[in-house]
Each structure stands twice: as C-alpha cells, then as structure tokens.
Amino acid sequence: MSTDTNRKELLRKLSRNLMVSVPVMTVVAMAGATAVSDNGFSLIPSAEAAQGEAEGEARGEAEGEAKGEAEGEGEAKGEAEGEGEAEGEGEAEGVSEAKKEAVRRPEGYTPYQGDAGSLAEKGKVLFNDTSLSSNGLACATCHTNGAGYADTFSNDYPHFVAMGKSDFGMDMVHLDEMVQICMVAPMASEPLGWASEELAALTEYMRIEQEKFRNK
C-alpha cells in the first residue's frame, strides 16, 4: 500500500473516531466536513460557530421579547395617562354636587338686612370687582350697559333660567340664587355667604339692573 493510500486510510479512521466521541452539536456541525485534495481531507471546525449562532439567535429573541414587553408597558402607561387626563378634564368641566347644593337657598334662610340705597351702592362696586372671581372676570365683564342678559331676565323672580336648569338642575331660580350661580359658574369662584352683606348688596344692585333692562 502506498504512502498516500496509508495516509488517507488513517485520516478516514481518525475522522470516524472523532465523529463518534465529540458532543452531538459538534457531530452535527461536522456535517460540513469536506475533502480537500489528494493529500487528504480536513474537518471544518464549525461547532463553535454553530453554538455562537444559536446563542446569538437566543439573545436576539430575548432582546426582541423584552423590547416588545417594554413597548407594551409604554402603550399601557400612555393609555392609562390618557384615561386619567380624560377623567380629570371631565371633573374640571362639570359642577360638583356640593356647589350645586351651595347655590340653593338654605333652609330657614334670612337675607342680610340693610339700607337699600347703601346696599345698591356697595353692590355697584362689587359688580365691577374682579377680585370676586378666580379668573379675572367681574359681573360687569358680561353685563356692562345691560348686555348679556337673556330675555327671561325681565320676568319676576323666581323664574326659569336655562343655566340654572342645565348646570345646576334647578327648575326655578331666585335672584340671590342667580347671583350665586354666576359666582360659581362664569366667575369660577365660591358662592357668597348667604347671610353676608356682599350677597345682599349684589342682589339689590341686580334689582336695579333688572328694572333698567325692563325699561330699555
């Protein structure tokens, strides 16, 4: 047997022994063994490459899943914040039940008693006072020179007022209750004290405004 033939036979046996003894991954990877030339053949050391590819794929899948979960959590957070914002806006735009009750005459209510002329003078000052509101408005902002009153303003109180019904659920409104509604709604403030001189003064001045509206 020639030297070249002996070398090929020895390499063939060596290759067979290696394929039996190495780990399964190496056996699979060694499927890429190729003959090289008449001088013999060599095995492609692809086991480490195959393992590296497997680890890379696993790492890529893990990173993809983590990214997907993070994006999902981000979307959920965004939706929750959006819902939170929507609920907050709804509460801000509405009138609370407490304020709906606060603009109604309390049981056993007795208005402040004082001189009508003095109350009217004080009421005129308050009618133009922006400090009564939380948004820089005054009664005069909407009602200068008789502007901004509905036609029903000429009716005797108590009478139906659209804003009183829609925003406060009131079928009929007294004049002092109308003052309180304007304090809470357009002027975004707190109602005046029911026994206060301020409420009596504004109510008296509004009687004068009503007379002017009727006579114009």
Side-chain angles (χ1 to χ4, degrees), residues 77-216:
K77 181 179 179 181
E79 291 175 358
E81 290 176 351
E83 292 174 358
E85 290 175 0
E87 292 175 358
E89 289 174 0
E91 292 175 356
E93 290 174 359
V95 178
S96 70
E97 292 299 321
K99 287 194 174 181
K100 287 180 181 180
E101 186 62 29
V103 302
R104 298 174 181 266
R105 282 183 167 185
E107 185 177 355
Y109 163 61
T110 300
Y112 175 90
Q113 301 297 315
D115 176 72
S118 297
L119 287 174
E121 287 298 320
K122 183 176 180 65
K124 183 178 181 179
V125 174
L126 293 172
F127 189 79
N128 293 276
D129 187 356
T130 58
S131 69
L132 291 179
S133 73
S134 68
N135 53 18
L137 299 182
C139 302
T141 303
C142 298
H143 300 300
T144 299
N145 297 323
Y149 296 118
D151 291 341
T152 55
F153 184 50
S154 62
N155 298 338
D156 291 339
Y157 284 93
H159 65 241
F160 174 83
V161 176
M163 183 168 60
K165 179 63 176 178
S166 63
D167 293 357
F168 297 87
M170 301 170 69
D171 294 323
M172 302 290 284
V173 174
H174 291 273
L175 182 54
D176 48 8
E177 290 176 325
M178 191 66 236
V179 172
Q180 301 284 48
I181 286 173
C182 287
M183 289 293 301
V184 168
M187 296 172 68
S189 188
E190 297 295 325
L192 299 168
W194 281 100
S196 67
E197 182 181 9
E198 289 77 13
L199 178 58
L202 270 174
T203 301
E204 184 60 32
Y205 184 74
M206 292 309 300
R207 294 188 208 281
I208 297 172
E209 284 286 285
Q210 186 183 40
E211 288 301 315
K212 290 180 181 178
F213 184 80
R214 286 171 169 171
N215 297 326
K216 70 175 182 179

Looking only at non-hydrogen atoms, find the nearest pair between [X] and [Y] and report the distance.
X      : Y      : answer
Val173 : Met178 : CG1-N, 3.6 Å
His143 : Gly148 : CE1-O, 3.3 Å
Leu202 : Gly123 : CD2-O, 3.7 Å
Tyr157 : His174 : CD2-C, 3.7 Å
Val103 : Phe168 : CG2-CD2, 3.6 Å
Pro186 : Leu137 : O-CD1, 3.3 Å

How about [X] and [Y]: do any of their side-chain heavy atoms sit closer than 4.5 Å?
X      : Y      : result
Met170 : Ile181 : yes
Glu177 : Trp194 : yes
Tyr112 : Glu198 : no
Ser134 : Glu190 : no
Phe153 : Met206 : yes
Arg105 : Asp176 : yes

Inset, instruction - Salt-bridge test for Lys124 and Glu121: reply yes if a basic N is under 4.0 Å from a carboxylate O, no otherwise. - result: no
Euclidean distance, [Y] [atom2] relative to [X] [atom1], rounded to 0.5 Å:
X      : Y      : atom1 : atom2 : value
Arg214 : Asp156 : CZ    : CG    : 4.5 Å
Lys99  : Gln180 : NZ    : CD    : 11.5 Å
Asn128 : Thr144 : CG    : OG1   : 7.0 Å
Leu175 : Glu204 : CG    : CD    : 9.0 Å
Leu132 : Cys182 : CG    : SG    : 12.0 Å
Met187 : Ser131 : CE    : OG    : 8.0 Å

Taking atom [atom1] of [X] as the centre, report whether more than 12 heavy atoms of other residues, nucleotides or ligands fall under 6.0 Å from it.
X      : atom1 : value
Asp151 : CG    : no
Lys100 : NZ    : yes
Asn135 : CG    : yes

Inset, instruction - Decide salt bridge (Lys or Arg N to Asp or Glu O under 4.0 Å) for Lys122 and Asp129; before the verdict, give the C-alpha distance in whole Å, the side-chain angles of both, and the deciding distance to 0.1 Å. - result: CA-CA 11 Å; Lys122 183 176 180 65; Asp129 187 356; over 6 Å; no
Inset, instruction - Kindly indicate, with the supporting measurements, whether the criterion side chain to side chain donor-acceptor pair (under 3.5 Å) is fulfilled by Glu209 and Tyr149. - result: CA-CA 10 Å; Glu209 284 286 285; Tyr149 296 118; 2.9 Å; yes
